[in-house]
Amino acid sequence: MTSPQTIPRRAPRGRVDKKHALRRGLMVVVGGFVVSQLAYAAIGIRFDATALHPRGPSEDLWQMLDTHLLTHDLVQSLWYLHSQPPLFNLYCGILLHLPLGVQQPVAAGCFWLLGLLLAGSTYLLLAELQVPPWAAATVSLVVVANPATILYENWLSWSYPAASLLTVGAYCCARFMKTRRTGWGVGCFTCFALVVLDDGTYQWVWLIAVMAALLFLMRPVWRQVFLVTAIPLLLVGGWYAKNAVIFGTATTSSWFGMNLASTTIARAPKAQLKKLVHEGRLSPIATEIPFAPVGVYDPLFVQTGNTGVRTLDSRLKSDGATNYNNLAYVAVSSQYLRADLAYIRTDPGAYVRNVALGAEVWLVPADQYPLPADNYAGDDARISGYEDFYDAAILWQAHSYSLNAAFLTATTGAAPSVGAYSYSTVVEYLLALLVAPFVIFRRRRSRSFAGTLVVLWLTVTYSFLATSLTSLGENMRFQFELGSLPLVLAVAVLASLLRSVQTTRRSNGQEKSSSEREGPRNCLTQLDQP
């Protein structure tokens, strides 16, 4: 007797077609990204790594440690870093240890890879959120073509890694919630932990909020959630503990008080500040400009000593720029923070107006933020015409925002004109911040879909509120650092609403058709009855 042959099961044709469509869309996005890179290279776009070898204060990045120390004393300098999270300076230190001729190509290659990850994860995240492949591919190509993406991708800073890591982490989060595979969870929290260690905007509060949301949404597997968060949280917690023990700070950046001053005392009239100081309601430091050289504060407000650590003792970097990692700024920023809070209590109305002003600046296209737009490679000049076209056609901006306007807003309070807003960004944030909770509630039974939207909403809301409440002038950069998350959230919300409308219409049509078929039968039945 012959044994019956086992016939292999085939996947349903619809499922196969869906997988093919997903792959084709991803190939379109990858192909579009590669073509865009070739086009940028053809018109002369170059990666600006000037900050690795600044020739003077004008080419120096405040957030970077002295490049001489990064080259010759990397480990000790990073250990005593308090002004910024460590990842960006670690990355720059590694680059500086490479041969001079390969530093810029390696840096450009790393950012090119981050761009590919940003494009691909945007597409895959949209697909996970049930956006059709053609729409997901279109949105991803819009992200790739954004002039802000071009400029930030070719400017050595911490902003582009943050944007990419947030998007990749969100995709890993969506996969973790859907598959409950440990690898995706580790990928999610590793990316998010790296964001905290890269960008001072994102603090432990946000990371714990995301973890708490996942613990609630994935209650049956809460032990697995704790498992995937353990090592990333230990890494982040270790850095916070180091800063708390050595410097007495509770954040990854000791500049918080000086940054907050941009929404409080830095915008206050001098006469008002002098009056409040005279009344004893503000510290005299309120009359000094934040981020002034150490000599402005020493010895009137702080007294500097000698710790034996150059990155803490030096007042100037080797290029002549101010060393904002000098130990004095820990105490100075703390004094500013007390003055900031006292001013908010004294004049809350002024603070609210400045917060609203920061929110307005947020709505201006990110390509018009001065630093990446005015880089030393001259990239902005090469795409200025394209910027105008994109900002008008895609971002719905009536006229461009002056590169100096962001700084003028911070110093003079001049709000962006109505025509400088990106009105597509306005619609995007209305959907992302206000409509998303409604969709989350309606789709709450779909745990992976609704849960992913919760994480996206938490992240976008945290960034928008935290930066608007604490900083004025750099809000366009903060907007970019969210990567594609606000756009992904808005598109997913819109797609879900459209799908609900179509489903309702289809069900109503079926009910109507059914009633029409049953109508004649009911009539005949009634005629047959006596």
Side-chain angles (χ1 to χ4, degrees), residues 63 78-91 158-159 161-170 172-173 176 185-218 222-260 263 325 329-330 333-334 336-337 340-341 451-452 454-471 474 477-478 481-483 485:
Q63 292 78 3
L78 284 176
W79 181 251
Y80 288 102
L81 174 65
H82 60 77
S83 58
Q84 292 294 300
L87 195 58
F88 177 64
N89 275 279
L90 173 61
Y91 173 70
W158 59 99
S159 297
S164 182
L165 287 168
L166 278 174
T167 310
V168 174
C172 291
C173 179
F176 177 52
V186 172
C188 166
F189 278 94
T190 298
C191 287
F192 288 168
L194 291 176
V195 170
V196 174
L197 295 175
D198 171 70
D199 192 325
T201 296
Y202 299 89
Q203 297 292 328
W204 64 270
V205 177
W206 164 72
L207 195 59
I208 294 298
V210 172
M211 185 187 76
L214 288 186
L215 283 171
F216 176 78
L217 295 165
M218 302 177 71
W222 64 269
R223 289 183 179 85
Q224 186 183 21
V225 176
F226 269 120
L227 177 66
V228 301
T229 61
I231 294 178
L233 286 180
L234 282 174
L235 186 64
V236 171
W239 188 261
Y240 275 97
K242 185 271 297 183
N243 279 356
V245 170
I246 298 178
F247 304 112
T249 60
T251 66
T252 56
S253 172
S254 59
W255 293 356
F256 180 66
M258 294 189 290
N259 286 330
L260 182 59
T263 64
N325 198 64
Y329 287 105
V330 176
S333 187
S334 179
Y336 271 113
L337 178 59
D340 295 332
L341 298 177
T452 303
V454 166
V455 172
L456 295 181
W457 185 86
L458 278 174
T459 303
V460 174
T461 303
Y462 166 85
S463 180
F464 178 72
L465 291 180
T467 57
S468 298
L469 289 169
T470 60
S471 186
E474 298 184 81
R477 177 172 65 80
F478 301 140
E481 289 171 354
L482 274 169
L485 297 194

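Positions are given from 1, in the same order as the sequence printed here.
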- Who pairs with N89 by side-chain hydrogen bond (donor to acceptor under 3.5 Å, both in side chains), at least two apart in sequence or on another chain? none

- Query: From L260 CG over to S333 OG, what is the distance, rounded to the nearest 0.5 angstrom?
  - Reply: 9.0 Å

- Query: Are side-chain heavy atoms of F247 and Y80 found at a separation under 4.5 Å?
  - Reply: yes

- In Å and rounded to the nearest 0.5 Å, what is the CD to CG distance from E481 to D198? 8.0 Å

- Task: Search all heavy atoms of P86 against all heavy atoms of L81 and return the closest pair with its distance.
- Result: CA-CD2, 3.6 Å

- Query: Say you draw a straight line from CE of M211 to CH2 of W204; how long is it, rounded to the nearest 0.5 Å?
  - Reply: 11.0 Å

- Task: Evaluate side-chain contact (heavy atoms from CB on, under 4.5 Å) for V460 paired with L485, printing each intermediate quantity in order.
- Result: CA-CA 7 Å; V460 174; L485 297 194; 4.2 Å; yes

- Note on the structure: Tightest non-hydrogen contact, residues H82 and S254, listed as ND1-OG, 2.7 Å

- Does some side-chain heavy atom of F226 sit less than 4.5 Å from a side-chain heavy atom of L215? yes

- Heavy-atom closest pair (S83 atom, S253 atom, distance to 0.1 Å) is O-OG, 2.7 Å

- For the pair S463 (side chain) and T459 (backbone), establish whether a donor and an acceptor sit closer than 3.5 Å, ignoring hydrogens and angles. no

- Taking the side chain as every heavy atom from C-beta outward, state whether F192 and L166 have any atom pair closer than 4.5 Å. yes

- Hey, what's the ring geometry for Y202 with Y462, parallel, tilted or perpendicular (30° and 60° as the breaks)? tilted

- Query: Would you say Q84 and T252 make side-chain contact, with heavy atoms under 4.5 Å?
  - Reply: no

- Query: Would you say the side chain of V195 lies within less than 4.5 Å of the side chain of C191, judging by non-hydrogen atoms?
  - Reply: no

- Message: Just so I know, are the side chains of V454 and F216 near enough to count as touching, which here means a heavy-atom distance under 4.5 Å?
- Response: no

- Message: Would you say that more than 12 heavy atoms from the other residues, nucleotides or ligands in this model lie under 6.0 Å from the CH2 of W457, or not?
- Response: no

- Quick one: does L469's side chain get under 4.5 Å of T263's, heavy atoms only? no

- Query: Considering all heavy atoms of both residues, which atom of L456 and which atom of A170 are nearest to each other, and what is their separation?
  - Reply: CD2-CB, 3.7 Å

- Item | CZ-OG distance between F88 and S159, expressed to the nearest 0.5 angstrom | 8.5 Å

- Task: Report the C-alpha separation of F478 and T201 in whole Å, then their side-chain angles, then the decisive distance to 0.1 Å, and conclude whether the side-chain contact (heavy atoms from CB on, under 4.5 Å) test is met.
- Result: CA-CA 8 Å; F478 301 140; T201 296; 3.7 Å; yes

- Query: Within a radius of less than 6.0 Å around CD1 of I231, do more than 12 heavy atoms belonging to other residues, nucleotides or ligands occur?
  - Reply: no

- Message: Rounded to the nearest 0.5 Å, what separates atom OG in S471 from atom CE in M258?
- Response: 12.5 Å

- Query: Any side-chain heavy atom of L87 sitting closer than 4.5 Å to one from W158?
  - Reply: no

- Query: If every non-hydrogen atom of L214 is compared with every non-hydrogen atom of C173, which pair is closest and at what distance?
  - Reply: CD2-SG, 4.1 Å

- Note on the structure: Value for CG (L482) from OG1 (T167), rounded to nearest 0.5 Å, stands at 8.5 Å

- Looking only at heavy atoms, the pair that brings G257 and D340 closest together is O-OD2, 2.6 Å

- Task: Sequence neighbours left out, what pairs pass side chain to side chain donor-acceptor pair (under 3.5 Å) with at least one residue falling in residues 225-248?
- Result: Q203-Y240

